[in-house]
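Since this is a predicted model, take the numbers as computed values, not measurements. So you know, we letter chains A, B, ... as the sequences are listed, proteins then strands, and number each from 1.
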2 protein chains.
Amino acid sequence: MRDEAPRAVTAICRSLQEQIAHGLLQPGGQLPSERKLSELFDTTRITLREALGQLESQGLIYREDRRGWFVSPPRIAYNPLVRSHFHAMVREQGRLPATEVLTARLVPAAADICARLGLPALSGVVQIRRARRIDGRLVLYVEHYLNPSYFPGILDYDLTRSLTELYASEYGIHYGRVRFDMVPTALDPEAATTLRTAPGSPALRITRLNRDQHDRLIDCDVEYWRHDAIHVCVEVPE
Amino acid sequence: MRDEAPRAVTAICRSLQEQIAHGLLQPGGQLPSERKLSELFDTTRITLREALGQLESQGLIYREDRRGWFVSPPRIAYNPLVRSHFHAMVREQGRLPATEVLTARLVPAAADICARLGLPALSGVVQIRRARRIDGRLVLYVEHYLNPSYFPGILDYDLTRSLTELYASEYGIHYGRVRFDMVPTALDPEAATTLRTAPGSPALRITRLNRDQHDRLIDCDVEYWRHDAIHVCVEVPE
DNA sequence: TAGTGGTCTAGACCACTGA
DNA sequence: CAGTGGTCTAGACCACTAA
């Protein structure tokens, strides 16, 4: 086995893990530059980056494109069985949520969106693309697709708000059955650019298919979460 | 932006993705050696490995330690709300499950296990370590921790079976409430060795805390899944 | 503008796998 | 035993960030 192999990469990981665990590097804090670290550990940048990559996989640190490496803040608990929305969920856990709208418009529906929402071919759908932050950190890229017949004029509202609340207050529509699908994968190029992170960074893709109180398919969305930003909790009753 | 950057890594990824999508590389099939591929794409092994790493993050390919790179088979659907167990779940999806027991013994409980199972300090717990396969591929490393007072003599049974079934048939114990916690992270060194994969490979860690029909905490377990082996489905009723 | 991370080159040695 | 992946060295240039 390689149990006792004192690999350079392993040693660097352990050293940094220890520093973080003991609070010498604060959550959100920035690590020294790669060149400084590789000098410190007496190795090359390639080797050092291998170690950083492993810590990133573990969710201990994350990178911002061309800005450097930072210590990951604690994860947010995400409970699909609890009817909540981003802002409420984040605030309940003592963190600060923020949303920005990237684009919002009527677009021709892609084939897979038609299929999922049960729309005829060549339909139009309302697409809303948003980015969301926790404590200022970009953690989530979402694309929402709404069946336009249920939401006339929705593009005129303030879409930084919770859609859940907007549906309820302006359209009298409430969520009914919801189907979640969660896949550990990498960030989509679009999502990577938006979240200002490296292409191919690990991510959790959550797709939701939402029905209303009359069991009509009203919208679906695709969420790309930074993989170190959440953990998914499910309480199964019985 | 770097949108139009014709990066070598991106080009390699796209090329391999296309080959896989068109079925020229079959699920489970092995890729050519890294040296052959780097020659083919006229680049260095370092660059090629960067591309392979991204495809691994996406869950398109996986590696077996020192054996090479393979195309990932389709993911298994994992539904925490459905009371099932590994063998049934896998078989229902037309795949072939297998289990091997690594170790099974009474051990002093670690502090976090005591806390989770509500055991007094310095208790003994039954620890069962298992590895599980789908269609021959190692995909899951699990550690089970059982409150020994509910399961006298359990170490004498065939532990390659489903514990769920064993609990029911031999002890009259059925699962009641269950709490799941799912975290995208990297494989534990132990898990990486067992699954014969590189340390720091991406993984989904699922921890379960199980109660019985009388709401007593009976066991908990820690599962490390290869991140490309499953997707988690949750149907929320209402 | 200085320094950073992103990307890439061109090698090397080792332990291990599989024929 | 040949070939493989795992690991590491010692550089380089570029685009971008932050001052």
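- Side-chain atoms of A/Arg67 stay outside donor-acceptor range of the base of C/dG6, with no qualifying N/O pair under 3.5 Å.
- Residue A/Arg7 places at least one side-chain N or O closer than 4.0 Å to OP1 or OP2 of D/dC8.
- The distance between the ring centers of B/Trp225 and B/Tyr78 falls below 6.0 angstrom.
- Atom CD1 in B/Ile12 sits roughly 12 Å away from atom P in C/dT7 (whole-Å rounding).
- Considering only side-chain N and O atoms, B/Lys36 lies nowhere under 4.0 angstrom from the phosphate OP1 or OP2 of D/dG3.
- Contact annotation for A/Arg63: backbone-only contact, meaning every heavy-atom pair under 4.0 Å involves sugar-phosphate atoms and none involves a base.
- In this structure, A/Arg196 places its CZ atom 16 Å from C1' of D/dA15, rounding to the nearest Å.
- Rounded to whole Å, the distance from CD on A/Glu56 to P on C/dG6 is 9 Å.
- For A/Arg66, taking side-chain heavy atoms from C-beta onward, the closest of the listed nucleotides C/dT17, C/dT9, C/dG6 is C/dG6.
- Dashed line: the shortest gap from a side-chain N or O of B/Ser33 to OP1 or OP2 of D/dT4 is under 4.0 Å.
- A side-chain donor from one of A/Asp228 and A/Ser72 sits under 3.5 Å from a side-chain acceptor of the other.
- Distance A/Glu34 CD to C/dG3 P: 16 Å, rounded to the nearest Å.
- Between C/dT9 and B/Thr43, a contact under 4.0 Å exists linking OP1 or OP2 to a side-chain N or O.
- Using a 4.0 Å cut-off between charged side-chain N and carboxylate O, A/Arg95 and A/Asp135 make a salt bridge.
- Whole-Å rounding puts the B/Glu50 CD to C/dG5 C1' distance at 12 Å.
- Residue A/Arg45 places its side chain closer to D/dA12 than to any other of D/dA10, D/dA12, D/dT7.
- Salt-bridge check for A/Glu143 with A/Arg130: failed, with every basic side-chain N at 4.0 Å or more from each acidic carboxylate O.
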